[in-house]
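Lettering follows sequence order; numbering is per chain, from 1. None of the values given here were measured: they were computed from a predicted structure.
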Number of protein chains: 2
Amino acid sequence: MSQHRPAGASGSPGVVPALPDLPEATVARLPEYLRALHHLAESGHDTVSSEGLASAAGVNSAKLRKDLSHLGSYGTRGVGYDVALLVEQIEYVLGLTQRRAVALVGVGNLGHALAGYAGFGTRGFRIAALFDADPGRVGEQINGLTVRHIDELPACAAQESIAIGVIATPARAAQTVADQLVAAGVTSILNFAPCVLSVPEGVDVRKVDLAIELQILSFHEHRKASLTALPDTPGAGIAAIPNRLGGGGLGSSGTQEAVGS
Amino acid sequence: MSQHRPAGASGSPGVVPALPDLPEATVARLPEYLRALHHLAESGHDTVSSEGLASAAGVNSAKLRKDLSHLGSYGTRGVGYDVALLVEQIEYVLGLTQRRAVALVGVGNLGHALAGYAGFGTRGFRIAALFDADPGRVGEQINGLTVRHIDELPACAAQESIAIGVIATPARAAQTVADQLVAAGVTSILNFAPCVLSVPEGVDVRKVDLAIELQILSFHEHRKASLTALPDTPGAGIAAIPNRLGGGGLGSSGTQEAVGS
DNA sequence: CCATGTGAATATATTCACAGCC
DNA sequence: GGCTGTGAATATATTCACATGG
């Protein structure tokens, strides 16, 4: 499906750099652009301006243009971006031209929900296998898949070409599971367990910790409360309160910006 | 220099001391330090060096020291940090000295799992109420709580002093729910729906999108594949990298750094 | 000594502002 | 005219390296 190569133009000989090396911050935003573009496509738009796409994705237009410029320009000056073309480009860069097989380990509370989450299926992934270490859970059917024992992981990973694993076990089991995944050839891990994983070089780990997200919000609640509690105290001995506006702020993942202007 | 601020102990009641204004990147890491500190405390440590805490939290020690220095110094040169004191300080800064009430909206697939997630309870939060718009779900008991209709949100939020809301609805319902939460006085929202929310200034939104996390990993998979496939193998489909990559890789994915020794 | 805390140096990210092209 | 693409300017974050003080 990938006839398109975002290669540097001209006839520079030899190697085609399959991927431009993108800033991490840009990589983290491309999926959001992709989602917004699909939404726009469904509502009949076939082109969109940087302003329009930016607001659909919750960022400002300068950032969006800079991000897209790293992919090599696919917009038209005076017009905007071709939605279908941009979708194709971003999907190519994100490696979504193939549907990637994912192994999910841990079918407890959260694992069950993840196994049933439709969003994985519609956005480039296929949950290829479910695993658990608890024999009492092995054999259970979830969403058309049978839970297997973790010992079957190596064989299954090889057969299904699984390169991405999701850990949804309790924290105490997570490191062992990570080791097993790596041993089975997995090179990317999404970790929902509240702990740090140690993995060899070349393996990528992303972590999602639900309580941490709330704790970050708690900080902002605390700060807002402390600001409103001191309306305009005249020289109370505490240093002047920085006048920071707005909700949001930035974060490595997830904090939405307040669109000021 | 180090002005000691006993959290909530002294001073006239009602007066909230101003918070140091922390870099967002630091705020996002404090919860991880807190988790690591609790773990250390449980295993009997009562002091820890920046090196030790950093490795337990998956960051490097310089970053950790810089982060902690923003809270005002609570370490002892030549010794390290007092675990209990640091826990207390971070919990104070994050606003975790009170247990915050949270409303969860949407008890479908994911909402169910979140309602049952023990980590919220053990790390500073109390799920105070569950809501759904579907009358067929109202009345259901989950984890000791009864699902209420979303229309009861305003009354309930006021009564329970709910300032934080979690949205676990389908994307099409999320904006409406957000509006309802804001109208009910909620000023921080954790959004699991794959869409951008528009909220008034002063309301903080954090977003967790499970598919986006996988897509970011997919990018790194794609990049790793293109690097290993590059040298002189043109167009050779997908190779299932069997071996760990050798040297020179750019390590981390931005969330977790290479850990291990 | 030793490990913290911190200025200085570097790296990364965002925003501005406008040239260039449709 | 309008909008993209981009260098330059600014802001934020990370890392270095060492003075400081228990």
Taking the side chain from His39(B) and the backbone from Ala56(B), do they hold a donor-acceptor pair closer than 3.5 Å? no
What is the distance, to the nearest angstrom, from the NE2 atom on His70(B) to the C1' atom on dT14(D)? 11 Å
Between Lys224(B) and Asp204(A), is there a salt bridge with N-O shorter than 4.0 Å? yes
Nucleotide dT12(C), atom P - distance to NZ of Lys66(A) in whole Å: 15 Å
Under a 4.0 Å N-O cut-off, is there an ion pair linking Asp209(B) with Arg123(A)? yes
Both Gly80(B) and Arg65(A) contact DNA chain C. Taking the nearest nucleotide for each, which residue is further toward the 5' end? Gly80(B)
Starting from C1' on dT15(C), measure out to CG on Leu64(A) and report it in whole angstrom. 14 Å
Strictly below 4.0 Å, N to O, side chains only: are Arg29(A) and Glu32(A) in salt-bridge contact? no
May I have the distance from Asp67(A) (atom CG) to dT15(C) (atom P), rounded to whole angstrom? 11 Å
For Asp82(A) and Thr47(A), which I'm curious about, is there any donor-acceptor pair between the side chains at under 3.5 Å? no
Please tell me if Ser50(B) has a side-chain N or O lying less than 4.0 Å from either OP1 or OP2 of dT4(C). yes
Please check this pair: side chain of Thr76(A) against backbone of Val79(A), looking for a donor-acceptor N/O pair closer than 3.5 Å. no
Given dA3(C), is OP1 or OP2 found less than 4.0 Å from the side-chain N or O atoms of Tyr74(B)? no
From CG of Leu53(B) across to C1' of dG5(C) the rounded distance in Å is 15 Å
More 5' along DNA chain C: Thr26(A) or Ser49(B), using each one's nearest nucleotide? Ser49(B)
Might you list the N or O atoms of the protein lying below 3.5 Å from N or O atoms in nucleotides 20-22 of chain C, with each pair's distance?
{"unit_1": "dG20(C)", "atom_1": "N3", "unit_2": "Arg77(A)", "atom_2": "NH1", "d": "3.2"}
{"unit_1": "dC22(C)", "atom_1": "O4'", "unit_2": "Arg77(A)", "atom_2": "O", "d": "3.2"}

Does Arg29(A) place a side-chain N or O at less than 4.0 Å from the phosphate oxygens OP1/OP2 of dT14(C)? yes
Please determine whether a side-chain nitrogen or oxygen atom of Asn60(B) lies at a distance below 4.0 Å from atom OP1 or OP2 of dT15(D). yes
CD of Glu24(B) versus P of dA13(D): gap in Å, rounded? 8 Å
For the pair made of CG in Leu68(A) and C1' in dT6(D), what is the distance, rounded to whole Å? 13 Å
What is the distance, to the nearest angstrom, from the CD atom on Glu51(A) to the P atom on dC16(C)? 12 Å
His220(B) and Glu24(A): side-chain donor and acceptor closer than 3.5 Å? yes
Hey, does the side chain of Lys63(A) come within less than 4.0 Å of dT15(C)'s phosphate (OP1/OP2), counting only N and O? yes
